[in-house]
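Reading through the structure tokens given below for one structure.
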Amino acid sequence: MRPTGFTEFSQFAVMFVFSCAAVPVFAQDAANSKEVQAVYPDSYALYLDIHEHPELSGHEVQTAAKLAARFRSLGYDVTEHVGGTGVVAIMKNGTGPTVLLRTELDALPVEEKTGLPYASKVHAQDDGGHDVPVMHACGHDLHMAAIVGTAAIMAHSKDTWHGTLIIIGQPAEETIHGAQGMIDDGLFTRFPKPDVAVALHVGNGLAAGQVGIVPGVMSSNADSLRITIHGKGGHGAAPNTTVDPIVIAARTVLALQTIVSREVQPGEAAVVTVGYIRAGTKNNIIPDDAELGLTVRTFKPEVRKQVLAAITRITNAEAAAAGAPRPPSIDHYESTDAVYNDPALAQRLRVPLEQSLGKQNVFIEGPYTASEDFSAYLAQGIPGFFFSLGGADPEKLAQAKANGTHLPSNHSPLFAPDVDPALHTGIAAEVAVLRNLLNTSPKGLGD
Ligand SMILES: [Zn+2]
Ligand SMILES: [Zn+2]
């Protein structure tokens, strides 16, 4: 996930960040509580280890084993290899609701440039057989460290909750197929089906010590398209004997820009990006084909449908206008739905977060144009709560805002959360949310 971009703080939030530039925001009671302090050293050690030893999507073998060992030693009933490298850890504690808490396991093919003493130097083979650098550039290492701390606190304080806690380590979030892989491997049939699913994501949009809640649609629908335009190749000096797919591709790219600017209703959010064009081998050869790679982001299902239909219409029409020998091939090879935060649940969980972290550290935010396969769990009819965890050094964030710049976003080679306060806060926030949910009847969660 890439939680930057569309973040809209409430006016209060913006004022707060600016007006408190010099004041450390990391001053909450729960994050500094004895129970968090007690588990922090082990969580931090795990963070350093996992950060230094990242693994690519679908290959999280060592990472999963490290988590499974920790959960087992805490008394959880652990199953490994669910949907590939997925880990399921269950603790039953009397009657009550079933709550799922999720972390991702995977890292990214990014070369770390943070200069940190524990920076990753790992290289691995990607699925295409290429040697790539690997880095936890999305903060999933911090999510894992937090979840292990949370798991320890919940295991040590069974008098504070009742019900069933399911903690999962999900592979392959970055390739948006790991959640579905775990579901297809029986996550909700071999194990108890949760009444609520919870997750968090760290990012530099908020200061470490803070959390953000988006009631309703939180992240965007994401669709990946591969379009191959079929022309007719030939000599570059005799274009009259060819149908040039590069010219069609160029016209198509420009025409696609009119979808958001001319077709989508003003005020509705939509993004159509052509991330690559591939065609040709030599300057005096007109190739047979040209390929375009697109990412499409939308919030509303009706806008998604409209944008995808417009892409097909425009792509076909441009090829027809040029006299292409056949229509383009449009391969819709990846898609994921928006994450929808149950609004009543979000309002309800705001209260324990505010009690735990301080009212001034909990923000209501607008949606992100990032995407997340956490939506796959919600598509199974499970209400969800996905919240954001501040990762930015408070002073650096205030400075960046004052200068109109941005701190490195997730997926950047420079992404480096302010670990100490962010990890303390992540643990405190997860515990607060779980204790709230695990102190109700299952029916109460649907209210
Ligand atoms: Zn990511
Ligand atoms: Zn992520």
Side-chain angles (χ1 to χ4, degrees), residues 1-7 47 50-51 54-60 63-64 67 85-86 101-112 114 120 126 132-147 168-182 197-206 208 211-212 214 218-222 224 271 273 275 295 297 334-339 341 365 367-378 384-392 406-417 419 422-423 426 429-430:
M1 177 176 180
R2 186 177 176 279
T4 53
F6 258 62
T7 312
Y47 176 80
I50 291 183
H51 187 88
E55 294 176 296
L56 289 172
S57 304
H59 301 274
E60 311 90 338
T63 308
L67 250 58
T85 55
L101 179 66
R102 172 266 217 167
T103 178
E104 319 88 323
L105 302 173
D106 55 339
L108 286 158
V110 171
E111 184 177 359
E112 179 156 1
T114 60
S120 163
D126 69 10
V132 291
V134 190
M135 173 190 176
H136 268 296
C138 203
H140 298 176
D141 46 355
L142 199 138
H143 304 170
M144 284 183 261
I147 221 165
I168 62 167
Q170 179 209 304
E173 187 281 324
E174 296 291 357
T175 50
I176 53 176
H177 67 264
Q180 195 59 47
M182 289 191 79
V198 178
L200 57 69
H201 207 296
V202 68
N204 272 339
L206 289 173
V211 297
V214 184
M218 172 173 185
S219 70
S220 62
N221 301 301
S224 302
V271 176
T273 292
T295 189
R297 306 295 169 108
E334 255 174 14
S335 78
T336 190
D337 294 339
V339 172
N341 273 331
E365 303 179 283
Y368 297 94
T369 51
S371 301
E372 245 294 338
D373 72 354
F374 187 71
S375 55
Y377 307 120
L378 313 184
F385 180 62
F386 190 104
F387 64 104
S388 45
L389 176 69
H406 296 280
L407 295 178
S409 65
N410 299 62
H411 293 201
S412 158
L414 298 172
F415 182 72
V419 178
L423 185 49
E430 284 179 344

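When a ligand or atom number is given, it counts from 1 through the structure's own listing order.
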Practice prompt. List in chain and number order the residues that pass side-chain contact (heavy atoms from CB on, under 4.5 Å) with Ser120, two or more places apart in sequence or in another chain; answer none if no residue qualifies.
Written response: Pro54, Glu112, Val122

Discussion item. I'd like to know: is the Zn ion (ligand 1) within the 2.8 Å range of an N/O/S atom from His411, strictly under that distance?
Written reply: yes

Worksheet item: How many degrees, to 10°, between Cys138 SG and Glu174 OE1 as seen from the Zn ion (ligand 1)?
Response: 150°

Practice prompt. Could you tell me whether any N, O or S atom belonging to His143 is less than 2.8 Å from the Zn ion (ligand 2)?
Written response: no

Discussion item. Using modelled atom types and a 3.5 Å cut-off, is there a donor and acceptor pairing between side-chain atoms of Glu174 and backbone atoms of Ala172?
Written reply: no

Worksheet item: Restricting to N, O or S atoms of His140, which is nearest to the Zn ion (ligand 2)?
Response: NE2

Discussion item. For Ala429, give me all partners under side-chain contact (heavy atoms from CB on, under 4.5 Å), at least two apart in sequence or on another chain.
Written reply: Val211, Leu353, Leu357, Phe387

Discussion item. Pairing donors with acceptors under 3.5 angstrom, does anything connect the side chains of Ser219 and Glu372?
Written reply: no

